There are 2 protein chains.
Amino acid sequence: MNSSADALLTPGDATDSGAQQIREAIRDAIVERRLAPGTKLSESDVGALFSVSRTLARAALQALSYEGLVSVEKNRGAFVAYPSPEEARQIFAARRLVEPGILRSAAERITAPQLAQLRQLLVEEGRLMGERGQPARRAEIKASGDFHLMLASISGNLIMQRFMEELVARSSLVIALYGQSSASSCGHAEHGDIITALERKDVDTACDLMLHHIAHIEADLDLRERKSFGLKEAFER
Amino acid sequence: MNSSADALLTPGDATDSGAQQIREAIRDAIVERRLAPGTKLSESDVGALFSVSRTLARAALQALSYEGLVSVEKNRGAFVAYPSPEEARQIFAARRLVEPGILRSAAERITAPQLAQLRQLLVEEGRLMGERGQPARRAEIKASGDFHLMLASISGNLIMQRFMEELVARSSLVIALYGQSSASSCGHAEHGDIITALERKDVDTACDLMLHHIAHIEADLDLRERKSFGLKEAFER
DNA sequence: ATGCAAAATATCGTATACACTTTTGGCCTC
DNA sequence: GAGGCCAAAAGTGTATACGATATTTTGCAT
């Protein structure tokens, strides 16, 4: 109770300094497809990679398992999640279920600068669409997710925002796995349409567009049953 | 793999044997209001209580923090979550957002035995309603949550089911904190009405009833700003 | 007596160490 | 030569230990 007024300035959202950073790093690596699904994430290796002990590596992997991005098997270790087609369907079903509602909430509270920010995100997305190569496609997937994430952020509901972060991350994993072609390309125009509808305050149309958008992404997936075959494949190389 | 008849089966994600058990135990204690919001959960104490080391206790507390049931502060420790009124509003907003959708999904897949199970849950709920005393009220809150949880289970979407588990748990915490009267009592009849509508395959009415039901629960809360007063109080004690 | 400051204490953050489970490689047997 | 069994190795599960940080207490000066 002494001293000055630092109390208000503390960032405060850092639960653990180390484990959280590692979590973020691995999460990004998974979402950006630098880590292939099914890859084994040995605690020792992860720890060595980030120059920390197994304790922190383990904590990070546990955290990621709660997000559904890695699956840990008792006494076997942690692996980058390999979502089954059924799981993929459920992820998109969840998105169809919640995103219209989020969109409605966001539409009620959205301000002009926020609309501008959305537009800004869109041009960034378009720029990446123009570029070629794998890294650009990865960034494109990420940018596509950021659009949905910002909508959740605008809705003002932290719980839904957190949930959408999880869904978007897992969606990226699914798209990386089962995506056939330039999946997110067709999504770009749809993002723009949604913003336009939002600007007109035509929420119903915006929701419809969102549902179609999600359906389009899902339709571009090849959800045939390859199942655990790919895991073996990944090791065979 | 779809064994369709699985109803209230815990999702088979036994990552660790020990930590998961402790997590469940503490979770139940929080939901059933044996642990008051704001209570400090020292790692040493938790470990000693369950006869395990701090490592497992810490893992369990971390897991609970991801559910939003405990909040961990850097170098301060873990505390039973003390949801702010704003947080409470967001929790219920989230429920209003997702539960109609879950209900629709469930209605599409529901079978006769599952309807019977729902009815069964209802009579159990009614039985607890008849009893008096704190333990009965706790069980009543839990039973009330189980109704919504079973609906999510019937919907067949594991992701939404997991999300609802989190929402219901946090709702129980909120109700325990801000609930004024016999909040869940009026909910009982509404649960029955929803089942009835479901039996008639009148999904739209069921959704309406669900929305009203959630609104009723929320309306019975006293979401005045008591602020962090209670937390300090808990320490002074 | 009160307020500030510094040491003492308690608790968290991280690393290391040990025990147990799973896997793998080799050897023996059929 | 093939298959199964045993042993060694690797890796996870858990416990303990040490260092860092916040909180409390105590002593001193005003």
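Nothing here was measured: the structure is a model prediction, and the numbers come from that model. Below, chains carry the letters A, B, ... as their sequence lines are ordered, and counting in each starts from 1.
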How close or far is atom [atom2] of [N] from atom [atom1] of [X], stated in whole angstroms?
X       : N      : atom1 : atom2 : result
B:Gln62 : C:dC12 : CD    : P     : 12 Å
A:Phe79 : D:dG11 : CZ    : C1'   : 11 Å
A:Leu61 : D:dG11 : CG    : C1'   : 13 Å
B:Arg54 : D:dT16 : CZ    : C1'   : 10 Å
A:Lys40 : C:dT24 : NZ    : P     : 10 Å
B:Leu41 : C:dC12 : CG    : P     : 10 Å
B:Gln21 : D:dG13 : CD    : C1'   : 14 Å
B:Ile22 : D:dT14 : CD1   : C1'   : 11 Å

In terms of heavy-atom contacts, does CZ of A:Arg23 have more than 12 from other residues, nucleotides or ligands at under 6.0 Å?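 Enclosed.
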Does A:Ser42 contact D:dT12 through a side-chain donor or acceptor facing the base, at a distance under 3.5 Å?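 By the distance-only test, no, there is no pair.
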Please confirm whether any donor atom in the side chain of A:Thr55 sits under 3.5 Å from an acceptor in the base of C:dT16, or the reverse.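 Side chain to base: pair found, below 3.5 Å.
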Salt bridge (Lys or Arg N to Asp or Glu O under 4.0 Å) contacts touching residues 42-52 of chain A (sequence neighbours left out):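 Every pair satisfying salt bridge (Lys or Arg N to Asp or Glu O under 4.0 Å) with a residue in residues 42-52 of chain A: A:Glu43-A:Arg54, A:Glu43-A:Arg58.
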For residues 166-177 of chain B, which residue pairs pass the salt bridge (Lys or Arg N to Asp or Glu O under 4.0 Å) check, not counting sequence neighbours?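 Sorted pair list: B:Glu87-B:Arg170, B:Glu166-B:Arg170.
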Restricting to salt bridge (Lys or Arg N to Asp or Glu O under 4.0 Å), what partner residues turn up for A:Arg162, sequence neighbours left out?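 Counting only residues at least two positions away or on another chain, A:Arg162 forms no salt bridge (Lys or Arg N to Asp or Glu O under 4.0 Å).
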Hey, what are the protein-to-nucleotides 19-23 of chain D N/O distances that come in under 3.5 Å?
residue	atom	partner	partner atom	Å
D:dT23	OP1	B:Arg76	NE	3.1

Can you list everything that forms a side-chain hydrogen bond (donor to acceptor under 3.5 Å, both in side chains) with A:Ser171? Sequence neighbours excluded, please.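 If we apply the side-chain hydrogen bond (donor to acceptor under 3.5 Å, both in side chains) test to A:Ser171, skipping adjacent residues, the hits are A:Arg95.
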side-chain hydrogen bond (donor to acceptor under 3.5 Å, both in side chains) with A:Arg27: which residues, sequence neighbours excluded?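 Result, side-chain hydrogen bond (donor to acceptor under 3.5 Å, both in side chains) vs A:Arg27: none returned.
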Is any NZ, NE, NH1 or NH2 atom of the basic residue among A:Arg89 and A:Glu218 found under 4.0 Å from an Asp or Glu carboxylate oxygen of the other?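 A salt bridge is absent here (no side-chain N lies under 4.0 Å from a carboxylate O).
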If you assign B:Ser44 and A:Ser51 each to the DNA chain C nucleotide with the nearest heavy atom, which residue ends up on the more 5' nucleotide?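 This one resolves to B:Ser44.
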